Amino acid sequence: MGMTTVSEFSRPLVMSGPSGTGKSTLLKRLFEEFPDKFGFSVSHTTRAPRSGEEDGKAYHFVTKEKFEDLIGEKAFLETAKFSSNYYGTSVQAVKDVSQQGRRCILDIELQGVKQIKASHSELGAVYVFVSPPSWSTLASRLTGRGTETDASVKARLEAAYHEIQYAKEKNHDYVIVNDDLDRAYAVFKQLALGEEGVKSDELPPLDDHADYIQIQK
Ligand SMILES: Nc1ncnc2c1ncn2[C@@H]1O[C@H](COP(=O)(O)OP(=O)(O)OP(=O)(O)O)[C@@H](O)[C@H]1O
């Protein structure tokens, strides 16, 4: 087993990958095995809190005006807008996690990854792409999870196409193919612990998207 270096462990881990590829499953296992080692940054949002959601826990809840002020102050590493609400990860939120001695993990979508890569190299993030073994596996996991409507499966598969194209351009430091969960987790755990010499998986061909979605060129 490789050595754990302090510097590697202190770099924020940016996780991305298509919806349904298994990011939450891997993260849940990691947090269960190491309850004190890792933390998520608390995002800001302009959406209203749902019942039971405490400010500063699930999210920092702010008004649209406040959010826009924060954008102006360059407080965010990345922001996104979903159904008329803003979401964002602040620089401070990531610092808050490392100040607790934990490695910060960001589970974000393609647009956020691009923003951080383009404008926040000072973060020193490690970029990990969690890949499905195939389009058919991705489609069946999304459907099998039972959380999506037909329309949202379609939307997620379309977004997956763009996530995968971006990964094919070799924008990530590591690829983890979530084929067998125990195997994928073993690789993910080494990476998350900051071990040296972790070998990236090879990105599968993932070229049969046409069986699942239509992409307008
Ligand atoms: N290696 C695996 N083998 C089989 N099934 C898996 C594997 N990993 C995850 N799954 C299942 O696939 C489904 C999608 O996984 P999960 O919810 O973790 O995806 P996700 O990437 O976090 O998606 P989202 O971005 O939408 O949150 C779940 O039902 C999960 O139990």
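All values reported here derive from a predicted model rather than from experimental measurement. Heavy atoms only: backbone and side chains are in, while hydrogens, waters and symmetry mates are out. Counting starts at 1 for both ligands and their atoms, following the listed order.
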Starting from [atom], what is the nearest protein heavy atom, named by residue and atom, and what distance separates them?
atom: atom 8 (N) of ligand 1; value: Asn178 ND2, 2.9 Å
atom: atom 27 (O) of ligand 1; value: Ser24 OG, 3.5 Å
atom: atom 25 (O) of ligand 1; value: Lys23 NZ, 2.9 Å
atom: atom 12 (O) of ligand 1; value: Arg141 CD, 3.3 Å
atom: atom 19 (O) of ligand 1; value: Gly22 N, 3.1 Å
atom: atom 17 (O) of ligand 1; value: Arg145 NH1, 2.8 Å
atom: atom 26 (O) of ligand 1; value: Ser19 OG, 2.6 Å
atom: atom 14 (C) of ligand 1; value: Gly20 O, 3.5 Å

Which atoms from ligand 1 have a heavy atom of Pro18 less than 4.0 Å away?
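Once the distances to Pro18 are compared, the set is 21 (O).
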Listing request: all side-chain hydrogen bond (donor to acceptor under 3.5 Å, both in side chains) pairs with a residue in residues 104-118, at least two apart in sequence or in separate chains.
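Matches after skipping sequence neighbours: none remain.
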Sequence neighbours excluded, every pair satisfying side-chain hydrogen bond (donor to acceptor under 3.5 Å, both in side chains) that has a member inside residues 71-81
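Found Glu78-Thr89.
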Is the shortest N/O to N/O distance between Thr25 and ligand 1 below 3.5 Å?
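Yes, there is a polar N/O contact under 3.5 Å.
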Can a non-hydrogen atom of Arg156 be found less than 4.0 Å from any atom of ligand 1?
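A heavy atom of Arg156 does come that close to ligand 1.
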Check contact between Asp179 and ligand 1, using heavy atoms of the residue and a distance below 4.0 angstrom.
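Judged by the 4.0 Å heavy-atom criterion, Asp179 does count as contacting ligand 1.
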With respect to His209, which candidate in Asp207, Ile213, Leu206 satisfies the side-chain contact (heavy atoms from CB on, under 4.5 Å) definition?
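So, applying the side-chain contact (heavy atoms from CB on, under 4.5 Å) to His209 and each of Asp207, Ile213, Leu206, only Ile213 qualifies.
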Is it the case that the side chain of Arg103 and the backbone of Glu8 share a donor-acceptor pair, with hydrogens and angles ignored and the cut-off at 3.5 Å?
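Judged by distance alone, yes, a pair lies under 3.5 Å.
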Answer yes or no: is there a donor N or O on one side and an acceptor on the other, between the side chain of Asp173 and the main chain of Tyr127, under 3.5 Å?
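Side chain of Asp173 to backbone of Tyr127, a donor-acceptor pair under 3.5 Å: yes, one is there.
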Could you tell me if Gln100 and Asp96 have a donor-acceptor pair between their side chains, going purely by distance under 3.5 Å?
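No.
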Does Ser131 reach the side chain of Asn178, with side-chain heavy atoms less than 4.5 Å apart?
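SC-SC contact between Ser131 and Asn178 ruled out.
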Think Arg29 forms a cation-pi with Tyr185, using NZ or CZ under 6.0 Å from the six-ring centre and within 45 degrees of its axis?
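Yes - Arg29 lies over the ring of Tyr185, closer than 6.0 Å to its centre and within 45° of its axis.
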